[in-house]
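Structure first, then comments.
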2 protein chains.
Amino acid sequence: MDTKSLLIETATILFQEKGYKTVGLNEILKASNVSKGALYHHFPDGKEELLITCLHALKEDITTDIEAIFSKHLTTKDAIISTIDTLINSFEKRGTITGYTFSSIVSEMATMSEPVRKACSELYENIERIYCAKLLSDGFSDETAVSVSLLLTASIEGAMMLCLTKQSTNPLKTIAEQLPNLLEKL
Amino acid sequence: MDTKSLLIETATILFQEKGYKTVGLNEILKASNVSKGALYHHFPDGKEELLITCLHALKEDITTDIEAIFSKHLTTKDAIISTIDTLINSFEKRGTITGYTFSSIVSEMATMSEPVRKACSELYENIERIYCAKLLSDGFSDETAVSVSLLLTASIEGAMMLCLTKQSTNPLKTIAEQLPNLLEKL
DNA sequence: GTCTATACGGTGATAGAC
DNA sequence: GTCTATCACCGTATAGAC
């Protein structure tokens, strides 16, 4: 793999696991066996440019993954359960959730850097768009679809936070039980 | 006010607004007009001890505030709407949410420091306990009350994250519309 | 209890050889 | 394109006077 891709890949994992400020350039460099000079060659604006590039790459990956899950299931209900299952598995394997969340980056950087905030915003919008499309195909009205897709995104993101805090997958499991309730009874 | 309380108060606000790593000791000291020597007199273990103390104080404050709101309303539905309204007002006034969330600290520190993780965990448990008690008094079963109180906590926390990202209060407003739906149709 | 001055490590970033 | 050496700066933490 080329140096730039390697940098993006390792940095993405580290940022997701530990947040932005916590991860130093040296840590990324050591983990990827790349020199400081090479990094600044590919990312002249340094750490923040690297982060934004990571977020863009992450957007593509997440979109692809969730779309794959959603195309495999007929209803939003089934697709959401399957999505949450994937998150639970990821959490049980790695202890942290990588690949789907970036809450640490949002809460650290949303108020500090406008470009980063925008990149995060686009990411959430993409996720909501997928949920929304499925809800529409389920037969929900435009308005409900938009509202519910936001509620789904919020509750999943919040549940991941609770999983991190309680160091348990129970929060995700609980909402996986409760959310279908909501989707059926609309 | 005594130095120690002043330190806790200003640090709490800054940590909530900007996260843990982002806020330097110097920034806290300058904002509170306290010297470095005084800080290390009151908090010999430094920054992390200060953070944990802040989280404990925050737990008391949040518990008191939410309990006050919940005692003013008859049903969980009304109480939750009122709670979310408070959050929306706070967000519209200050631009960031202080006083109720600490997501930045959770996502930054949960995997890094066990004592901090524990303090955050206690905070969430307190909030969920209040929700749960009200749900029981609404007549829900034990099991549903526990599950729903977790879903409420998760969706509110997640919605605040989305508000931060989108720089809008719409996410909170949307879930304020959707959650009653869930509470009625159980 | 509070102050100032200082220590020391690590940070992001740059320069220049190859 | 990649390396090493070096930069200035800021972080937390400490020491000792008052």
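Only heavy atoms go into these numbers, but all of them, side chains included; no hydrogens, no water, no symmetry mates. Note on naming: letters A, B, ... go to the chains in the order of the sequence lines (proteins, then strands), and numbering restarts at 1 for each one.
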Does CD belonging to B/E143 count more than 12 external heavy atoms closer than 6.0 Å?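 No, CD of B/E143 has 12 or fewer neighbouring heavy atoms, counting only those of other groups under 6.0 Å.
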Measure the acute angle between the ring planes of A/F70 and A/Y131, then classify it against the limits of 30° and 60° as parallel, tilted or perpendicular.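 Taking A/Y131 first and then A/F70, their aromatic rings lie parallel (interplane angle under 30°).
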Write down the distance between [atom1] ([X]) and [atom2] ([N]), rounded to a whole number of angstrom.
{"X": "A/F43", "N": "D/dG1", "atom1": "CZ", "atom2": "P", "value": "12 Å"}
{"X": "B/L39", "N": "C/dT4", "atom1": "CG", "atom2": "P", "value": "14 Å"}
{"X": "A/K30", "N": "C/dG10", "atom1": "NZ", "atom2": "P", "value": "11 Å"}
{"X": "A/L6", "N": "D/dT2", "atom1": "CG", "atom2": "P", "value": "10 Å"}
{"X": "A/N33", "N": "D/dT2", "atom1": "CG", "atom2": "C1'", "value": "13 Å"}
{"X": "B/L29", "N": "D/dG11", "atom1": "CG", "atom2": "P", "value": "11 Å"}

Does a nitrogen or oxygen in the side chain of A/T3 sit under 4.0 Å from OP1 or OP2 of D/dT2?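 True: A/T3 side-chain N/O within range (under 4.0 Å) of D/dT2 OP1/OP2.
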Any B/H41 side-chain nitrogen or oxygen under 4.0 Å from OP1 or OP2 of C/dG1: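 Yes, because at least one side-chain N or O of B/H41 sits under 4.0 Å from OP1 or OP2 of C/dG1.
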Do A/T111 and B/E17 get their side chains close enough for a donor-acceptor pair, meaning under 3.5 Å?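 B/E17 and A/T111 do not have a side-chain donor-acceptor pair below 3.5 Å.
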Is it the case that A/T98 and A/R94 place a side-chain donor and acceptor less than 3.5 Å from each other?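 Note: A/T98 and A/R94 side chains meet the donor-acceptor criterion.
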Check B/K30 with B/E27, please: is the shortest side-chain N to carboxylate O separation under 4.0 Å?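 Between B/K30 and B/E27 there is no salt bridge, as every charged N stays at least 4.0 Å from the carboxylate O atoms.
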Does the ring centre of B/Y124 sit less than 6.0 Å away from the ring centre of B/F102?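 Judged by ring-centre distance (under 6.0 Å), B/F102 and B/Y124 do meet the cut-off.
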Identify all pairs in which a protein N or O lies below 3.5 Å from an N or O of nucleotides 11-16 of chain C, and state each distance.
from   : atom 1 : to    : atom 2 : distance (Å)
C/dT11 : OP2    : A/N26 : ND2    : 2.9
C/dG12 : OP1    : A/L25 : N      : 3.4
C/dG12 : OP1    : A/K47 : NZ     : 2.9
C/dG12 : OP2    : A/L25 : N      : 2.6
C/dA13 : OP2    : A/Y40 : OH     : 2.6
C/dA13 : OP2    : A/K47 : N      : 3.2
C/dA13 : O5'    : A/Y40 : OH     : 3.0
C/dA13 : N6     : A/K36 : NZ     : 3.3

